[in-house]
Amino acid sequence: MAIQRPKGTQDLLPGTIEQWQYLEETIRSVCREYGYEEIRTPMFEATELFQRGVGQTTDIVKKEMYTFQDKGDRSMTLRPEMTASVCRAYVEDKLYGQPQPMKLYYIGPMFRYERPQSGRFRQFHQFGIEVLGADQPIVDAEVISLVWNLYKRLGLIGLEVHVNSVGCPICRARHREQLQEFLAARKSKLCNDCQERFERNPLRILDCKNPSCQEETVGAPTTKDTLCEDCSTHFEKVLAILGRAGVVYRVNPRLVRGLDYYTKTAFEVMVEEIGAQSAICGGGRYDKLVEEIGGPPTPGIGFAMGIERVLAALQVQHKLPEEKPKLFAMLIALGEQAQIEGFALLSDLRSQGMPVGMDLLGRSLKNQLKSANRQGVRYALILGEEELARKVLVIRDLTLGEQMEVSLVDAVEEINKKYQRGV
Ligand code: ATP
Ligand code: MG
C-alpha cells in the first residue's frame, strides 16, 4: 500500500501555495511598516521549555505535545507555539542587551496532537509577533492595531476583536478567591477538567468550551471587577488609544485565554463564517514569562494567528487574489538548432527577470501553441529553421492574435519592453 501523509497534516501544492505566498507577503509588508523584524527558532526544543513557558496545566502541555526521546536520551518536543521559543532566544542570545524593545515576528509550522477537524490540524502554521522589554499601554495598542490593520489590508470583514484584562498576580489572587466562592456550590456540575481546574487554575473555567460549564459560569465574577488600580489604568489607556486609532473592539470580561503566563491585556479575534473553530488570532501580555524561563524580569506582549484559519476566512469572503499566469512568454523552437539558440535566448530573458518557458516534451508546433494558450501565456516566441536562417524571431501576441518579427539581436530588448509594459 502507498504511504500516506500523517493524519492532520497537509501537502500544500501549486494552485494553493500562491494563496499562502500572498498572505505571507502581506504579513511581511505590514510587519515592515510597523518596524518588526523576523526571528526563526528551531522547530523542536527541550520539553521543559514548553512545560515551564506554556504551563503544566494547559491543554497544550497536558494533552497536545509531540514529545520524544532523542538518541541522546533527551526529552524533545516539536514546538506547539513559539512564544516560549522566542523568549528562550531573547535570554539565550542576550537580546535584552540590544536597544529595547525587541519587536519580533515569525511565520512557521507548529505541532499539536489534536483531533483533526475542519480548522484544526496537527501541523498548522502561525504568524505571530512578540514585543519584549516594553510595558506601556501604547505597546498593547500597537500589537492589536497591527492585527487590525493586517486584516483591513487583506480585505476581511465581519471580524470581532475581543479584549479583556486578566490583571496581575496581585489582583488575580483576589479574583481567584471570589471565583472559587462563586463556583463552590456548582462544582459538581462542572466537567472533569474544570473540577481539576477548580484548585489549580479556576480562572480557566471561564474559558471552558463545554456548554454546561459555560452555563454554570454565567454571572461569575470577572477579572475586570477585581483589577488593581495599576492594571485598571493600564487597561483604560489601551482602550482609549485603540478607540482613537479606529480599531473596533468589544470588551469581553470572559476572555481569559488558555495560558498561565498572561497578565493584563488579553485579546482574541473571531470570524464566525469559518465555522466552529472561529478564533483566528489570540494574544496578550505576558510580563511573567521571561523570568519564568530563567531570564531577567522582562515585560512582553504578543499574539499568534492561525494561517490556515485566515486563509479559510479569505476564501469564504472571496478575498483571495485571482490566479495569474505564471509565465510571461513561451518559446516555440522548431528544429534542433532553433532549440539550442532558443534555449540561450531564454537564459538571457530569465537573467533579466522575465519568467519564460519552452516545451520540454518534444511536442508539435500545434500542441506547443495549445499548451501556451492553456497556461494563459501572453506571448509565443516562435523560432523555426527559416527564422533562424534570417536571424529573426516571431513574437506572437496570443491575446490579440497579432504578431511581429524582430531581429534576434534585438529580441531581449523588445520582449523586455513588452514585459515592463505588462507588469
Ligand atoms: P483553540 O481554542 O482553537 O484551540 P488555542 O487557544 O489553542 O485555539 P492559540 O494557542 O492561542 O490557540 O493559537 C493561536 C491561533 O492559532 C488560534 O487562534 C488558531 O487560529 C490557531 N490554531 C491553534 N491551534 C490550531 C490547530 N490545531 N490547527 C489550526 N490552527 C490552530
Ligand atoms: Mg487549542
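Note that ligands are numbered from 1 as they come in the structure, with each ligand's atoms numbered from 1 the same way. FYI, side chains are in, hydrogens and waters are out, and symmetry mates aren't considered; it's all heavy atoms of this structure.
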For ligand 1, which atoms have a heavy atom of Ile280 less than 4.0 angstrom away?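 In order of number, 18 (O), 20 (O).
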Check ligand 1 against Gly119 and write out every atom of the ligand that is under 4.0 Å from a heavy-atom position of the residue.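 What qualifies from ligand 1 is 28 (N), 29 (C), 30 (N).
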In this structure, does ligand 1 have an atom that sits under 4.0 Å from one of the heavy atoms of Lys209?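 Distance cut 4.0 Å: Lys209 passes for ligand 1.
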Say whether Arg112 and ligand 1 are in contact under the criterion: heavy-atom distance to a ligand atom below 4.0 Å.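 Yes, Arg112 has heavy atoms under 4.0 Å from ligand 1.
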Would you please indicate if the ring centroids of Phe127 and Phe303 are separated by under 6.0 Å?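 Centroid separation for Phe127 and Phe303: below 6.0 Å.
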I want to check something: taking the side chain as every heavy atom from C-beta on, are Leu132 and Cys87 in contact at a cut-off of under 4.5 Å?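 Yes, their side chains come closer than 4.5 Å.
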Where's the contact between Arg120 and ligand 1, heavy-atom distance under 4.0 Å: side chain, backbone, both or neither?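 It is both backbone and side chain that touch ligand 1.
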Backbone, side chain, both or neither: what part of Gln126 comes under 4.0 angstrom of ligand 1, heavy atoms only?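 It is the side chain that gets close, since no backbone atom is under 4.0 Å.
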Is there any salt bridge (Lys or Arg N to Asp or Glu O under 4.0 Å) pair reaching into residues 33-56, and which pairs are they, with sequence neighbours excluded?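 Matches after skipping sequence neighbours: Arg28-Glu38, Glu33-Arg153, Glu38-Arg40, Glu45-Arg88, Glu48-Arg52.
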Under 4.0 Å between a Lys/Arg side-chain N and an Asp/Glu carboxylate O for [X] and [Y]?
X: Asp59; Y: Arg115; result: no
X: Lys62; Y: Asp193; result: no
X: Glu414; Y: Lys417; result: yes

For atom 21 (C) of ligand 1, which of Gly284, Cys281, Ala312, Gly306 has the closest heavy atom?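 Considering heavy atoms of Gly284, Cys281, Ala312, Gly306, the nearest to atom 21 (C) of ligand 1 sits in Gly306.
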Solution key, residues 230-242 side-chain donor-acceptor pairs under 3.5 Å, sequence neighbours excluded:
| unit_1 | atom_1 | unit_2 | atom_2 | d |
| --- | --- | --- | --- | --- |
| Asp230 | OD2 | Lys264 | NZ | 3.4 |
| Thr233 | OG1 | Glu229 | O | 2.7 |
| His234 | NE2 | Asp140 | OD2 | 2.9 |

Taking both backbone and side-chain atoms of Phe121, is any N or O found less than 3.5 Å from an N or O belonging to ligand 1?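 Between Phe121 and ligand 1 (N or O atoms, distance only) the closest approach is under 3.5 Å.
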Would Ala279 count as a polar contact of ligand 1, with the cut-off being nitrogen or oxygen pairs under 3.5 Å?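 Such a contact does occur with ligand 1.
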